[in-house]
Amino acid sequence: MPIHNKEIGDCFDQVADLLEIGGANPFRIRAYRQAANTVSRLPRSVAEMLKQGEELSELPGIGKDLAGKIVEIVRSGKLQLLEDLKKKNPPGITALLQVPSLGPQRVKKLNKELKVKSLADLEKAAKEGRIRGLGGFGEKTERRILEALQRTHGVERRFRWMLAKQMTLPLLDYLRKSKRVKDLEVAGSYRRRKDTVGDVDILATSESPQEVMDRFTGYEDVSKVLAQGETKATVLLRTGLQVDIRVVPEASYGAALLYFTGSKAHNIALRKLAQDRGFKINEYGVFDNKGRRLAGRSEEEIYRFLKMDWIPPELREDRGEIAAAQAKRLPRLVDWRDIRGDLHVHTEASDGQASIETLARRAQEKGYEFLAITDHSPYVGITHGLDPKRLRAQIKAIERLNGKLRGLRILKGIEVDILEDGSLDLPNEVLKELDLAVGAVHGHFQLTRKKQTERILRAMDNPHFSIFAHPTGRLLGERPPYDVDMERLMEGAKQRGCFFEVNSEPDRMDLDDAACRMAKEMGLRLAISTDAHALDGLDLMELGVAQARRGWLEKNDVINTLPLKDLLRALDRG
DNA sequence: GCCGTTTTCGGCCCGACTGTTTTCAGTCG
């Protein structure tokens, strides 16, 4: 049973949690966290790298010791250090660290003095008023803990990016109406375009921060003000979304934007770089040792000062972007303007809402050169999928429309189900009449890793298979990805001349950033598609592009940036 | 635990806000 990178990462994260509660050296804890991040984001399987005899200690943040621990996990399936730590600590105690206002010190104290071992214990102690008596705790802290527990039931809550956007835009409009607000921008993971965000960070410049603060906390959708100072405030919206605001003077705008955009790991790496050269970076600017400000008005100014190119927010995760920016070798990320068409779209013939013609008109408005109609095949009954007869009728309709349209070519396609045995849900006689077939898994998610992988490889053996749609099957916050050997699938797709999809549906967004980057490094090209089920669905393209950018993808890595002629050649496996 | 054209030991990003405190530890991002 091969060990996956994520399992190793989780293992190190657990060690970090337990070390934290044990009061270990914070830098040792950070080392484990960094290693967890490095390993779980690695484009290649660590177990595989070991097999090839590669030196793991060459990975950033992995030294001799951690490399040895990875070997231990891969060989034995467990880590002795973690087992020992688990013995010393009650299971479930690390869940307490997720409760806002509880850090390692307080968790330790709660455990020691009140025998709190779980979220349930915590809730009970808070309800009985036993927490307020503890040194360093008080009534307010106790109430805050209780509120947090009742709000989240202990589960970390993240919002899909799109949902966060819908809640944030009206708030921005509201803030902009104030004459006191000059610049206003959303920073944080929202600006880095993570597919889900934990909270929203807003940055503003103003000469009277207090008034901006007051306006912010007075917003009608605010259900609770969690903190409010002179330049910084945190509120909870009615929907449960947490929003932070930070107000700085204009001269610090760039530094504050950089700081507030993160990621934390990126900031630490930059600050350390500056420190090594005798400078200090904080949210107000770059300073020398005499406290003189040397840069800070814009992000560009700061990166330039550090002798590197400006780094797009999507890349700021401390995964090699800093070295690339220093070497002036950052990728030229794919841009939504590079996109020449959409390769996964549904119509009213299956479970979509719009007609082919309306979709085509909208595609023309977008300046697209092509639009692939890919309704469902029959397998998923509820989608009213197309059987060969209906599909042939659709093909005819598309051909008629193509005769009428100027500048846009409608491609004949299908989203064909990959059946349990890896065969496709429609016969080759009809598939061969199409321009492309987008293959997808909509059932039998629970197969073993080996079976699932082989099932999909077998589907790709079919010469009519073009693009593997939503390749992990995950639904954010609802359904985890099914278990497959992604590396093997990507290798298989590349050999066979197939492509993978980046799905732009806000609750899918797979491939994720790490998998996009893995594909890029393996030389497998991707299609960024909307999977639109209605007219407005075509506008989701920008989300898929954002995900692709997080995965370092460039124009040449994406097939729907190709001119129609080249695209058709790429899709032709013959 | 990692790391190194100042270093193989001694550093490790930096500041705001809260609550419980009489000056600051803990948490957060």
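A, B, ... follow the sequence lines: proteins, then strands. Residue 1 opens every chain. Bear in mind that the values here come from a model prediction, so they are computed numbers and not experimental data.
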Sticking with atom [atom1], work out how far [N] lies from [M], rounded to a whole angstrom.
N: dA16(B); M: dT20(B); atom1: P; answer: 22 Å
N: dG11(B); M: dT6(B); atom1: C1'; answer: 13 Å
N: dC2(B); M: dC13(B); atom1: C1'; answer: 16 Å

Does a nitrogen or oxygen in the side chain of [X] sit under 4.0 Å from OP1 or OP2 of [N]?
X: Lys69(A); N: dG1(B); value: yes
X: Tyr190(A); N: dG29(B); value: no
X: Ser101(A); N: dG26(B); value: no
X: Lys280(A); N: dG15(B); value: yes
X: Arg271(A); N: dC13(B); value: no
X: Lys140(A); N: dG19(B); value: yes

When Leu66(A) and Tyr284(A) are each assigned the nearest nucleotide of DNA chain B, the 5'-most assignment goes to Leu66(A)
Asn282(A) vs Ala67(A), nearer the 5' end of DNA chain B by closest nucleotide
Ala67(A)
Where the side chain of Thr141(A) is defined as all heavy atoms beyond and including C-beta, which of dG19(B), dA16(B), dG26(B) is the nearest nucleotide?
dG19(B)
Output the single nucleotide from dG1(B), dC17(B), dC13(B) whose closest atom is nearest the side chain of Asp65(A).
dG1(B)
Rounded to the nearest Å, what distance is computed from the [atom1] atom of residue [X] to the [atom2] atom of nucleotide [N]?
X: Phe279(A); N: dC14(B); atom1: CZ; atom2: P; answer: 13 Å
X: Glu139(A); N: dG19(B); atom1: CD; atom2: P; answer: 12 Å
X: Leu258(A); N: dG15(B); atom1: CG; atom2: C1'; answer: 15 Å

Show each protein N/O and nucleotides 9-12 of chain B N/O combination with a separation under 3.5 Å, one pair to a line.
none

N/O to N/O distances under 3.5 Å, protein versus nucleotides 3-8 of chain B:
| residue | atom | partner | partner atom | Å |
| --- | --- | --- | --- | --- |
| dC3(B) | OP1 | Gly61(A) | N | 3.1 |

Taking salt bridge (charged side-chain N to carboxylate O under 4.0 Å, His left out) as the cut-off, I'd like each qualifying pair that reaches into residues 247-263 of chain A, sequence neighbours left out, listed once.
Lys182(A)-Glu250(A)
Tell me the salt bridge (charged side-chain N to carboxylate O under 4.0 Å, His left out) pairs involving residues 217-235 of chain A, sequence neighbours left out?
Glu147(A)-Lys224(A), Asp221(A)-Arg238(A)
Mind checking salt bridge (Lys or Arg N to Asp or Glu O under 4.0 Å) for Asp214(A) and listing every partner two or more places apart, or none if nothing turns up?
none
Using Watson-Crick or G-U wobble geometry with both distances under 3.5 Å, which nucleotide pairs with dT8(B)?
none
Partner residues of Lys109(A) under the side chain to side chain donor-acceptor pair (under 3.5 Å) criterion, sequence neighbours left out
none
